Amino acid sequence: MESMKNKIQNLIQKAIEKAYNNKLLPSCEFPEIEIEEPKIESQGDFSTNIAMKMSKIQKMPPRKIAEAIVSAIEDSEQILEKHEIAGPGFINFFIRNESWYPFLKKIHEKGNDYGSSNIGQGKKVQVEFVSANPTGPLHVGHGRGAAVGDSMANILSCCGYDVQKEYYVNDSGRQIRTLGLSVFLRYREIFGQASDFPKDCYQGDYIKDIAKSLQTEIGRDLLDQNEEDAIDRCAKYAASIILDGIKTDLLDFRVTFDRWYSEQSLFDSQKVDIILKELKEKNIIYEKDGANWFKTSAYGDEKDRVVIRENGLTTYFASDIAYHKDKFLRGFDRVIDVWGADHHGYIQRIAACVEASGYRRDQFHVILVHLVNLLRGGEPVAMSTRSGEFVTLKEVVDEVGSDAARFIFLTRHYESPLDFDLELAAKKTNENPVYYVQYVHARISSIGKKAAGEDTIIHNREWDERAIQLLQEPEEIQLIRQMVRYPETVLTSAEMMEPHRITFFLMNLASSFHTYYNKHKVLTEDPDLTKARLYLVDAVKTVIRNGLALLGVSAPDKM
RNA sequence: GCGCCUGUAGCUCAGCUGGAUAGAGCAACGGACUUCUAAUCCGUAGGCCGGGGGUUCGAAUCCCUCCAGGCGCGCCA
């Protein structure tokens, strides 16, 4: 079904052509016809600035052009109530109420698929997110990344992309040894072999817990082993326990991954060696001062970066090169990485890897999620990773619930820092936007229940051409108008990789619904009117449910 | 010093990728429950869109510059 915007666009295009044929316009040339939706109601449902844009080509004042176009408009489908010329030369269009009804029918027909499209044409896209080191539990910042990444994946998938969600596990490298050492030292403490606990070791109590569980599992075996072997054993044990914890926390947050990709596997499979060798042959990697450098500066980075240190060990960057190349080798057309904003300095060098591996710069995209300020009742909550005193994602989810947390994480553009107030997030009042939206769904469910009798829920989804004409209230038309915008919102959200657009759309739709609900009764004495209104609010329910699903938030029938 | 991000109502943020008189929510004030859920609604008030230049019919939006804040600038991850 053609969108309302397209219909208006065609109307104008034909009018311009006709005006030219009738010699009302000197030139048949015209730029792309943009259709906007004015913010102010008195300016119509749609408007176009085409007359202003044509002014130069036509060498005519905008208002004159607008007059010529307007005089040539042929509204054969009778979708318009009226049109007018306003301001410097805008043409405003007012849509007849009746023209909106078919869209309502479409929402019912598509149901859960309303809003989805095939713009992605099945292209493979990978979204990699969270990817926190398995050296400690996830904290709130990771939660925001998880919410953004998961929602982004849902949105892309809704737009017809073949999306894979991946978590890159940094199970190799120095931080893992440090983890092992931390656990080993705590383990020794249990047996009274206390020693200085270094500052750069992981300080949190969870390390002690892991040491304890290791002790109950294997007793004092490690004390007699070679120290490096013992540390290694501790590292593997701890990483696996922590990773399991991460998986559980994410599951409670209703975030799942299609694949957990191990950094160590890149070394085991020689992928790192192979890519380094390739790049050396191409002279993209060169030797200087005993180290191996990647010529990232040739791709827009500030300076070159070391991939193999003087001591022969690779840097994390080396495995990142292999990892990103591998992503494309696995057939992804586009790769999206969700990172914390403090990593923005790495974009250029990873982009360099992508280009050096023979892929286009625009196939790689980074979503930089800014930090979360955790508050309680307006007061900052102390957070320090170093001392191990940070609020974990699990604590937040346990306290405020997954729905509230996810929704709030998506109420900002990801590049905007976010204040997350635990007290507010737990509140079940109008200050908390998640309930505002969910409440719409619950209210409509409740109406449906009442309409159908005591226990059963019957959704009246039958299209009644005659009854639907009774929807004449401005609030009713407003609801339809907003719902018509939903599919475009999803598309824009996907294109711009901005999940928060869905959140704002839902809050606006919810607001319109609550207004309507307070002003008009759905269940009336008039059966036809009731039928039409049930049809309308059921559509609202569908759109709310679909939108919440993209955010990973539930749509409750009762609250 | 260099780079990236941010600066919009008292507070927290939108602003459809250049449009008309800049919008919400919270807080403040005043109203609405005999009603399909008041986790709601209605009304009032609140602004040199950080400052200054430029681009054009038209700028919160694009360019330049300055100011303020955050982050990043390792042979660490």
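FYI, side chains are in, hydrogens and waters are out, and symmetry mates aren't considered; it's all heavy atoms of this structure. What you are looking at is a predicted structure, and each value in this text was computed from that prediction instead of being measured. A, B, ... follow the sequence lines: proteins, then strands. Residue 1 opens every chain.
Closest approach to the V306(A) side chain among U40(B), C75(B), C13(B) is made by C75(B) (side chain taken as heavy atoms from C-beta onward). Taking only side-chain atoms of E415(A), from C-beta outward, the nucleotide of A14(B), G19(B), U6(B) with the closest atom is U6(B).
Rounding to whole angstrom units, CG of residue D320(A) and C1' of G74(B) are separated by 16 Å. Nucleotide G15(B) holds its P atom 7 Å from the CD atom of E498(A), rounded to whole Å. One interatomic measurement links the two molecules: CG of N518(A) to P of G43(B), which rounds to 12 Å at whole-angstrom precision. Counting to the nearest Å, the P atom of C76(B) and the CD1 atom of I308(A) are 13 Å from each other.
Classified by interplanar angle (parallel below 30°, tilted 30° to 60°, perpendicular above 60°), the ring pair Y261(A)/Y168(A) is tilted.
Here N508(A) lies out of heavy-atom contact (under 4.0 Å) with every strand. Residue D421(A) is out of contact with every strand shown, counting any heavy-atom pair closer than 4.0 Å. Nucleic acid contact class of Q43(A) (heavy atoms, under 4.0 Å, all strands): base. The residue K519(A) sits apart from the nucleic acid: no heavy atom pair falls under 4.0 Å.
Under the Watson-Crick or G-U wobble criterion, with both distances below 3.5 Å, G74(B) is left unpaired in every strand shown.
Between Y436(A) and the phosphate of C41(B), there is a side-chain N or O to OP1/OP2 separation shorter than 4.0 Å.
On a pure distance criterion of 3.5 Å, a polar donor-acceptor pair joins the side chain of H344(A) and the base of G3(B). No hydrogens or angles were tested; on distance alone, nothing pairs the side chain of D342(A) with the base of G72(B) as donor and acceptor under 3.5 Å. One donor-acceptor pair, N or O on each side, does fall under 3.5 Å between the base of A20(B) and the side chain of S47(A).
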